[in-house]
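All values below were derived from every heavy atom in this structure, side-chain atoms included, with hydrogens, water molecules and symmetry-related copies excluded. Small disclaimer: the values here were computed from a predicted structure and weren't measured.
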Amino acid sequence: MGKYCFNLEYSGSFYKLIFLCGSKYVGSNKSDKRNVLRKHLLEKSPLYRPIILEDNFIFSKKTTFLAYGDIYMRNLYDVEFLVSLLSDAILIFHESISTGAEAGLFLGEYSNKHKTCLIIPNKEAVEEDKLGAFLRLSFFKGENSVKQITYYPSIQNNITSVNLRNLHTSFVNNSVGEVLSKKILNFIGNKKKSLSGQGFSLYCSKDKRQLTARISSEKILLCVAAMMSKDFLAEKLFNKKLTMQEAINIIKEEMGKLIIWTYEERYYYKFATVPEVHFENKFGTIEKVIGMSLYLFSAAEFIEIRKDEGYEENSEVVIKRKKDNGKYYFTTYSELVKQVEEDKNWNE
């Protein structure tokens, strides 16, 4: 392969991974609020990629769904928190104790506050204030208050017994109204993104033997997406029988090479010997972040991760890239990686 580095100067509009959260989800129910909102977002922009975890992944290996264990994830807490970090927007239908806990989990991380929005039913319709005192005092006071949007649901009164009933909410006519749609789309926005600035920094030891890359989870996902647009990774990763761990290690190894060449280009320095690349991430190992990035690309339909016939014994899958109008989806990210001259020697 030629030499490539990450393009820290490029800024672009990429796909928006929109994490849709809520209480009990029924995938087969077209009136489920998350299903209705997903359909609505897909119709509004080709760049919107709404993600519902329950539709794609599970902890058991004995299903057609992808298994979290294959990407080093062991519990739902870690899964949902990592997905929140990797997402561009988080929309939570907050109507229960469980969604309140979910909101508290995500909002406990400062970087999630600006991209999290709670969609809450009108309190007169459901006969109570769903936000609650704890969330209100913790995250919805002051200048940096978290975004909340009120919607006016259709109500189904489910009576279980004389003393117990449950109000089930849905969108009126199973559609997102114009006013609500405008508020949600304005929240998602279309802010450009890049690898430069906070969340991407490289440090070299004095003896030049170790190179440390401190990269945020969100920017690791951008790096992986950009690399997947290039042939040097495609020829090793796609259309081959691999375990997810093997796929993750291939990406990590190639990413390490780009980190070295990015450092050389950025600081006009040529390493005499190849340094050891050490990845630092505040919220998890590089392997977990790469693995979850691959799963989100699958949920966004950028790639297909198909289980091999002998998957339950060998854990092997085949990863294939998908196209949109004749171009791979990852082409959108291709400018984040650029080729460099191989014969440069900044030390001379």
Side-chain angles (χ1 to χ4, degrees), residues 11-23 31-53 80 83-95 99-100 102-126 129-132 135-136 138-154 169-194 197-199 216 218-219 221-222 296 299-300 329 332-333:
S11 176
S13 296
F14 306 116
Y15 290 100
K16 299 287 186 183
L17 300 180
I18 305 167
F19 188 15
L20 303 184
C21 307
S23 52
S31 66
D32 187 287
K33 294 187 293 294
R34 282 190 274 175
N35 282 334
V36 173
L37 182 55
R38 173 171 57 185
K39 181 175 181 291
H40 181 77
L41 292 174
L42 288 172
E43 292 171 348
K44 287 298 179 180
S45 172
L47 291 179
Y48 290 166
R49 283 295 182 270
I51 306 293
I52 300 175
L53 292 184
E80 294 204 335
V83 173
S84 76
L85 297 176
L86 295 173
S87 301
D88 297 290
I90 306 165
L91 303 179
I92 305 174
F93 285 103
H94 173 47
E95 302 180 21
T99 53
E102 198 169 36
L105 168 65
F106 300 157
L107 296 175
E109 166 50 33
Y110 181 80
S111 64
N112 276 341
K113 290 185 178 181
H114 74 281
K115 62 180 182 180
T116 300
C117 174
L118 267 63
I119 303 175
I120 304 174
N122 170 263
K123 63 182 180 181
E124 281 75 23
V126 294
D129 180 3
K130 289 291 185 178
L131 185 58
L135 286 177
R136 189 182 303 280
S138 299
F139 305 112
F140 293 87
K141 291 289 186 180
E143 295 181 358
N144 296 318
S145 175
V146 173
K147 179 70 174 179
Q148 60 173 307
I149 295 175
T150 300
Y151 79 104
Y152 298 84
S154 174
T169 60
S170 60
F171 286 119
V172 176
N173 298 323
N174 291 331
S175 64
V176 179
E178 184 177 344
V179 174
L180 177 60
S181 174
K182 185 176 181 180
K183 290 180 179 179
I184 292 174
L185 298 184
N186 286 342
F187 173 76
I188 295 172
N190 191 31
K191 185 180 178 181
K192 291 187 174 182
K193 300 175 73 174
S194 73
Q198 187 175 4
S216 67
E218 186 178 22
K219 292 192 176 182
L221 181 142
L222 288 178
L296 291 184
Y329 285 101
T332 302
Y333 301 89

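- Note that the OG1 atom of Thr116 and the CG atom of Leu105 stand 10.0 Å from one another [nearest 0.5 Å].
- For the pair Lys16 (side chain) and Ala89 (backbone), a donor-acceptor distance under 3.5 Å is absent.
- Scanning for side-chain contact (heavy atoms from CB on, under 4.5 Å) contacts around Lys183 gives Ile149, Val179, with sequence neighbours left out.
- Ala103 and Leu118 get closest at one heavy-atom pair: CB-CD1, 4.2 Å.
- Contact check for Pro50 versus Leu42: side-chain heavy atoms found under the 4.5 Å cut-off.
- A donor-acceptor pair is defined here as one N or O able to donate and one able to accept, closer than 3.5 Å; no such pair exists between the side chain of Lys39 and the backbone of Ser175.
- Between the CG atom in Asn35 and the CG atom in Asn174 there is a gap of 10.0 Å [rounded to 0.5 Å].
- Using a 30° and 60° split on the angle between ring planes, Phe171 and Phe93 fall in the perpendicular class, above 60°.
- For the atom pair Leu20 CG and Asp32 CG, the distance stands at 10.0 Å (nearest 0.5 Å).
- Looking only at side-chain heavy atoms (C-beta outward), Leu185 and Tyr48 come within less than 4.5 Å of each other.
- A distance of 7.0 Å separates SG in Cys117 from CD1 in Ile184, rounded to the nearest 0.5 Å.
- Residues Glu218 and Lys193 have side chains in contact (heavy-atom distance under 4.5 Å, counting atoms from C-beta outward).
- Partner Ser111 forms a side chain to side chain donor-acceptor pair (under 3.5 Å) with one of Lys113, Lys115, Glu109, His114 and no other, that one being Glu109.
- Residues Leu17 and Val83 form no side-chain contact, since every pair of their non-hydrogen atoms from C-beta on lies 4.5 Å or further apart.
- Going from atom NZ of Lys219 over to atom OG of Ser194 covers 5.5 Å, rounded to the nearest 0.5 Å.
- Shown here for Cys21 and Ile90, the closest heavy-atom pair between the two residues is SG-CG2, 4.3 Å.
- Two residues are said to be in side-chain contact when any heavy atoms from C-beta on lie closer than 4.5 Å; Arg34 and Leu91 fail this criterion.
- Distance check, rounded to the nearest 0.5 Å: OH of Tyr15 to CG of Leu296 gives 15.5 Å.
- Proximity of Leu180 to Tyr152: side-chain heavy atoms (C-beta onward) are nowhere separated by under 4.5 Å.
- Using a 4.5 Å heavy-atom cutoff, the side chains of Ile18 and Arg38 are not in contact.
- A donor-acceptor pair under 3.5 Å is formed between the side chain of Asn186 and the backbone N or O of Lys182.
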